[in-house]
Number of protein chains: 4
Amino acid sequence: MPTFEQLRREVWETNLGIFRAGLVTMHAGNASGIDRKRGLVIIKPSGMDYDKLRPADMVVVDLEGRKLKGKWKPSVDLPHHLYLYQHRAEIGGVIHTHSNYATAFALLGRSIPVYLTAIADEFGAEVPCAPYVDNIGDHIGETILQHMGKAPAILLAQHGVFTWGATPRAALKSAVMLEDIAKTSFLALLVGAPKPLPPEEVQKWYNRYHSTYGQEKKS
Amino acid sequence: MPTFEQLRREVWETNLGIFRAGLVTMHAGNASGIDRKRGLVIIKPSGMDYDKLRPADMVVVDLEGRKLKGKWKPSVDLPHHLYLYQHRAEIGGVIHTHSNYATAFALLGRSIPVYLTAIADEFGAEVPCAPYVDNIGDHIGETILQHMGKAPAILLAQHGVFTWGATPRAALKSAVMLEDIAKTSFLALLVGAPKPLPPEEVQKWYNRYHSTYGQEKKS
Amino acid sequence: MPTFEQLRREVWETNLGIFRAGLVTMHAGNASGIDRKRGLVIIKPSGMDYDKLRPADMVVVDLEGRKLKGKWKPSVDLPHHLYLYQHRAEIGGVIHTHSNYATAFALLGRSIPVYLTAIADEFGAEVPCAPYVDNIGDHIGETILQHMGKAPAILLAQHGVFTWGATPRAALKSAVMLEDIAKTSFLALLVGAPKPLPPEEVQKWYNRYHSTYGQEKKS
Amino acid sequence: MPTFEQLRREVWETNLGIFRAGLVTMHAGNASGIDRKRGLVIIKPSGMDYDKLRPADMVVVDLEGRKLKGKWKPSVDLPHHLYLYQHRAEIGGVIHTHSNYATAFALLGRSIPVYLTAIADEFGAEVPCAPYVDNIGDHIGETILQHMGKAPAILLAQHGVFTWGATPRAALKSAVMLEDIAKTSFLALLVGAPKPLPPEEVQKWYNRYHSTYGQEKKS
């Protein structure tokens, strides 16, 4: 289990990661991580330049969102992160972006079927698109919970993307891979009619990827 | 209020910002800022490489465009910047680009409706497209004034984009976010028929963003 | 003939090359090289960040895939690389990616005809698309062998891309050029009906490129 | 007039410029410059990595293509560069690329009309597309001469792009701007029917740009 400093650094690196991967522009988007033992959530501060952030700029709150540490205000999307942490004990990191190709699917209210072996590998199922929801109270968190499937990612209609994972880093991988497969899928839709892989084929890829892929600790 | 050196540096950083964000190529585009107390406008010099610009290369003029400082000629688009500063006291920074996706909408004479929560957040209303106008006298400035709405951005048909804000940095945010939402909107139009958010939903996002977002000083 | 250190470095550089060229994201994709005299294959480790890889992180196996050197597990795609090395003596380097435009063709099960002189130069023939195949045993290797043509590249339906060459570096060139010509071809298909070059014209470009192009050692 | 060292450096920088602007991949493309007083042409060597090139790697030939200086073989496209220098005394720099959006127009055999004020500014007229031509002898040079118009750029069907200017740097500007306006024009064609500017409007932009734009020496 990471120390507080290690987790804060990982949350900071994950925020840099979504910026460097081109998933966010200016101040949009945010990444967080949870330390369940210590009961604290670490998240990007609101409206600050990614490339000037330092680990110490991350904001530390408790699971009800009360600020414990940090001189900045947390991301306005903090309530949605907290809602996911409160309702899914297996989630250790959450990311929100408006990455372009994934959000183009979201704008049309379309899920992304398992068109590609890479989607089977990473997500194991379609990435669903939840219906439009406003930003009042826990509406976003509730909608995500209600519509999430097997994949550690969801689209919110006319809005954007949430991804998650056991760690902030795992959530980053989902966010990057989601935009990548959204782009390829989107391109194919422009000139033809791609077909999803049959479920038994999806399973083969998912199983291989989640049993033999990576080094000792998957990340 | 920034000192002269601080504002000049901010104008220089904003010009670098539109270049680094890929909104401009070669020498196209320009950013400026105004110091209303001292009565001077600072703008990019004409036709010079962005990546070689230094703060001291910025050109300083008065509100009628007479050069006060700097060895270079100012951007040929200076008159349009001045026109906006003269007619809108709340504007502190102006940017002009031909960023690709926004300009694709402009080439078709199409406004960008509030398809996305990010458009509601940042712009609070559609980004209008003004009709084609030539470059004689104050035609561009007049057209912008006539067609601007709530959003701090406008498209000019068959031409490009102007954005503005309380500071050069705020105008940069508008310019970057405009291209980002133009891209996602454009992609969605290629495979479906996106629908704008209802006005009351737009308001919810705009209100949250403009009341609780960011740190003490919004930028 | 390169020394072991030189080849390992070339394999490492080739892995960096597919990452820097934007052909892969996160941990997807992999490149390898073979030293036939010493009977060893060098390949990227599984699931590790490209930008943190060092030459010593490459994994060394024999032609049956038994690990000879390196502390990491090899790429899960190692069997497909080995199959190509075992069955094609002229192949010295192999690359696998899911690069977006080429994979969009693959998702639709479409080959890329010789639309462009650059395709004639580099590939000399269409880049075929093999039918979908699962990841069991040697299915991928067998399918590639069965469907490969003159071009040192193939698409696998609903999956991605394999390229190869006399060296890892030559395979890199194929991988980069494939994505480049896939993008241009794809764009043209969106607004019109591009036509392949006639075979005799293809031959003229291929012959020039493969006789007079480059310095003494083509790479 | 630049010294030999200055021109060689400018040719080198121009080659780096097309690479950094993303107009070329791997070894494709090339830029050259001419020193008419000394009777020599400086061009990129064939098939070498852009990011490893040094000024001294540029190849120096006379106007008939005989090598005067440099250890490398010149670009295989040297004859087309020479043909342009021989037949157009005002040309001081030439660039060849396969930049994606411009080449997508070329693949379809379509010229790029003056859709945008930026096209009027930079090119003053449509960018024509010459019919397909093979690579034998002076076929490419002859075709360019026959089909070139007012714009310092031309498309070659199913092949790519040539641009030129008074200096290598001016040719670079044409090459970068061409890809930029090709992209915007291409995008607009995907969702609508853009219309060219009327000739009298084109003239207004071209005149302003070529009289008042830039610093003392336009580049």
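Numbers restart at 1 for each chain; the letters A, B, ... are given by sequence-line order, proteins then strands.
With rounding to the nearest 0.5 angstrom, the CZ atom of B:R169 is 5.5 Å from the CE atom of A:M26. Note that CE of B:M177 is 7.5 Å distant from NE2 of A:H98, once rounded to the nearest 0.5 Å. To the nearest 0.5 Å, atom CG of residue B:D121 and atom NE2 of residue A:H27 are 13.5 Å apart.
In this structure, the portions of A:P45 lying under 4.5 Å from any heavy atom of chain B include both its backbone and its side chain. Proximity to chain A (any heavy atom under 4.5 Å) is shown, for B:A21, by neither the backbone nor the side chain. With a 4.5 Å cut-off on non-hydrogen atoms, A:V133 touches chain B through its backbone but not through its side chain. Contacts between A:A102 and chain B at a heavy-atom distance below 4.5 Å are absent for every atom of the residue. Contact annotation for A:Y132: only side-chain heavy atoms (C-beta onward) come within less than 4.5 Å of a heavy atom of chain B. For a residue to count as touching a neighbouring chain, one of its non-hydrogen atoms must lie under 4.5 Å from one of that chain's; by this rule B:P196 touches chain A with the backbone only.
Counting non-hydrogen atoms of other residues, nucleotides and ligands closer than 6.0 Å to NZ of A:K150 gives a total above 12. At most 12 non-hydrogen atoms from other residues, nucleotides or ligands lie less than 6.0 angstrom from NZ of A:K195. Atom CZ of B:R20 has 12 or fewer neighbouring heavy atoms from other residues, nucleotides or ligands inside a 6.0 Å radius.
A pairwise comparison of heavy atoms in B:L187 and A:F186 identifies O-CZ, 2.9 Å as the closest pair. Between B:A188 and A:L107, the shortest heavy-atom distance links the atoms CB-CD2, 3.5 Å. Here the closest heavy-atom approach between residue A:K73 and residue B:G214 is recorded as NZ-O, 3.0 Å.
Considering only heavy-atom pairs separated by less than 4.5 Å from chain B, the leading option among A:T25, A:D134, A:N135 is A:N135. Listed options B:D180, B:I119, B:L172, B:L190 were ranked by heavy-atom pairs under 4.5 angstrom with chain A; first place goes to B:D180. Your options are A:L108, A:L189, A:I136, and the one with the most heavy-atom pairs under 4.5 Å with chain B is A:L108.
Taking the charged nitrogens against the carboxylate oxygens, B:K173 and A:D49 have no contact shorter than 4.0 Å, which rules out a salt bridge.
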**Message:** Pair B:R208, A:V76 - check side chain to side chain contact (heavy atoms under 4.5 Å, CB included), show working.
**Reply:** CA-CA 9 Å; B:R208 181 187 74 149; A:V76 293; 3.7 Å; yes
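Side-chain contact between A:Q158 and B:L197 is present, with at least one heavy-atom pair separated by less than 4.5 Å.
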